[in-house]
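Whatever order the structure lists them in is the order used to number ligands and atoms, beginning at 1.
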Amino acid sequence: MFPKTRMRRIRSVKVLRDLVRESEVSVKDLVYPMFVDETVSSPEPIPSMPGISRHTLKSLVSEAETAESLGVPAVMLFGVPKKKDPLGKQAYASEGIVQKALRRLEERTDLILVADLCLCEYTSHGHCGIVDKGRVDNDKTIGLYAKTAASQAEAGADMIAPSGMMDGMVAVIRGGLDSAGFDHTPIMSYSAKFASSFYGPFRDAACSAPAFGDRRSHQMDSGNLREALREIELDIEEGADIVMVKPALPYLDVIREARTAYRVPLAAYSVSGEYSMLKAASANGWLDYGSALDESLLAIKRAGADIIVTYSALDFARAKIGGKR
Ligand code: PBG
């Protein structure tokens, strides 16, 4: 008698489908990235990222309060400084824009405050560290990362997220945090960060496009999976508490392999280009934003991510509260 096994039996009604669903995305898994800009006097919408703005300190706090009220547990901060210089000094200034933002958010919310750590938003040349003879100097740069991490923790960061892809950065940041008295502050490292076209809208948002060259001498080549695992392994050895794969959707295989190979919590960053694609297609009526978003986040979760960094965090949380998911 064929067929004895009928897969459709467990798909007949929604309650049954929900009962057998293997992966689920919760608002509690999400981190909401936010931009705080020292050069604006009112929130400045980012044209390539509909719904996302560069915030003033004031509007940042109110947007973060909205995130908190929707149940989003964490925000990740990116700063756009007034003054940029070759050494990215505003990244580690005690009165830097991110440090100010951290102090306010710590006072006003109970969110987990994650500080992105890179120099590209702060350097006049837009590179992720100190440039010497046309190259980013690895070992000089990581010293500044350690200094930045300590200054961010001092200002109230609950977690430091280094995104510069310098060799040895996690070990040096760990040392810097520990000797400044922040041995309890975890590091979420952007361990396998690929040189990706999908960062385009972010670079408009953070005004961080490199003035010359690109980031291919430190960010990873898109073809490499084994190398991504080596990067993750090194970061774990250096003391990373959480490792990250970035971007997310085009690298689900990397997320899956990392999940299988390591036991540390795994984050995936669904980047600006992934967000913009969904927004643009839905604005044209070509995709339904809400269901395409659900499916994308679910795919990232199914691949093995515990944490998802996404610009859609508030949209997802609102739909969840509205009972649509
Ligand atoms: C900084 C940084 C970037 C992103 C996060 N941190 C940009 C880059 O590497 O050029 C990208 C985030 C996104 O596209 O959403 N190094």
Side-chain angles (χ1 to χ4, degrees), residues 30-37 46-54 74-81 84 88 90-91 97-98 114-123 125-131 136 138 141-142 144-145 148-149 152 157 159-166 169-170 173 187-222 231 243-251 267-280 293 296-297 300 307-313:
L30 307 181
V31 177
Y32 183 48
M34 301 181 76
F35 302 96
V36 58
D37 187 342
I46 301 160
S48 55
M49 300 177 71
I52 305 293
S53 295
R54 283 186 268 134
V75 296
M76 170 132 87
L77 288 186
F78 294 93
V80 182
K84 302 194 185 207
Q90 286 302 307
I97 185 66
V98 160
V114 186
D116 175 86
L117 194 175
C118 192
L119 297 186
C120 62
E121 298 111 72
Y122 302 91
T123 52
H125 43 68
H127 282 286
C128 304
I130 297 179
V131 174
V136 180
N138 193 90
T141 296
I142 56 181
L144 294 184
Y145 285 2
T148 306
Q152 291 172 333
M159 194 184 288
I160 307 297
S163 62
M165 287 295 283
M166 294 295 124
M169 69 178 182
V170 172
I173 290 167
I187 296 173
M188 174 164 75
S189 180
Y190 290 62
S191 306
K193 176 173 175 179
F194 289 86
S196 172
S197 308
F198 291 94
Y199 306 151
F202 173 95
R203 291 180 189 170
D204 296 341
C207 314
S208 65
F212 57 90
D214 56 33
R215 307 209 202 291
R216 292 182 185 277
S217 78
H218 51 285
Q219 297 183 351
M220 282 195 54
D221 185 85
S222 301
E231 284 280 6
V243 295
M244 190 198 286
V245 173
K246 176 185 172 186
L249 275 187
Y251 297 88
Y269 196 142
S270 184
V271 301
S272 55
E274 298 175 51
Y275 176 82
S276 301
M277 284 195 299
L278 288 192
K279 285 284 180 177
L293 172 63
S296 304
L297 296 179
I300 297 165
I307 301 167
I308 306 175
V309 183
T310 171
Y311 301 96
S312 301

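- Counting the atoms of ligand 1 from 1 in the order shown, those under 4.0 Å from a heavy atom of D116 are 6 (N).
- Of all the atoms in ligand 1, the ones that sit under 4.0 Å from a non-hydrogen atom of S163 are 1 (C), 2 (C), 6 (N), 16 (N).
- Here is the list of ligand 1 atoms found below 4.0 Å of a heavy atom in Y269: 12 (C), 15 (O).
- For atom 15 (O) of ligand 1, the choice among F78, Y199, F194, Y311 with the nearest heavy atom turns out to be Y311.
- Residue M165 places every heavy atom at 4.0 Å or more from ligand 1.
- Note: I160 CD1 to I187 CD1 = 8.0 Å, rounded to the nearest 0.5 Å.
- Ligand 1 is never approached by E274 to a heavy-atom distance shorter than 4.0 Å.
- Between Y251 and F194, the angle of the ring planes stays under 30°, which puts this pair in the parallel group of the 30/60° scheme.
- At the shortest separation from atom 5 (C) of ligand 1 among protein heavy atoms lies K246 NZ, 2.6 Å.
- At least one heavy atom of C120 sits less than 4.0 Å from an atom of ligand 1.
- With a 4.0 Å cut-off on non-hydrogen atoms, S272 touches ligand 1 through its backbone as well as its side chain.
- With a 4.5 Å cut-off on side-chain heavy atoms, C128 and R215 count as touching.
- Shown are Y311, Y122, Y199, F202; of these, the ring-ring contact (aromatic ring centres under 6.0 Å, His included) with F78 is made only by F202.
- Although no hydrogens or angles enter the test, the distance criterion places no donor-acceptor pair under 3.5 Å between the side chain of R54 and the main chain of A206.
- Taking each heavy atom of A248 and I300 in turn, the nearest pair found is CB-CD1, 3.7 Å.
- Atoms of ligand 1 lying under 4.0 Å from at least one heavy atom of K193, given by number and element, are 1 (C), 2 (C), 3 (C), 6 (N), 8 (C), 9 (O), 16 (N).
- Checking only distances, E121 never comes within under 3.5 Å of ligand 1, N or O to N or O.
- Rounded to the nearest 0.5 Å, atoms CE (M244) and CD1 (I308) are 12.0 Å apart.
- Proximity of Y275 to ligand 1, defined as any heavy-atom pair under 4.0 Å, is not found for any part of the residue.
- Here the CG-CE distance, from L144 to M166, works out to 11.0 Å after rounding to the nearest 0.5 Å.
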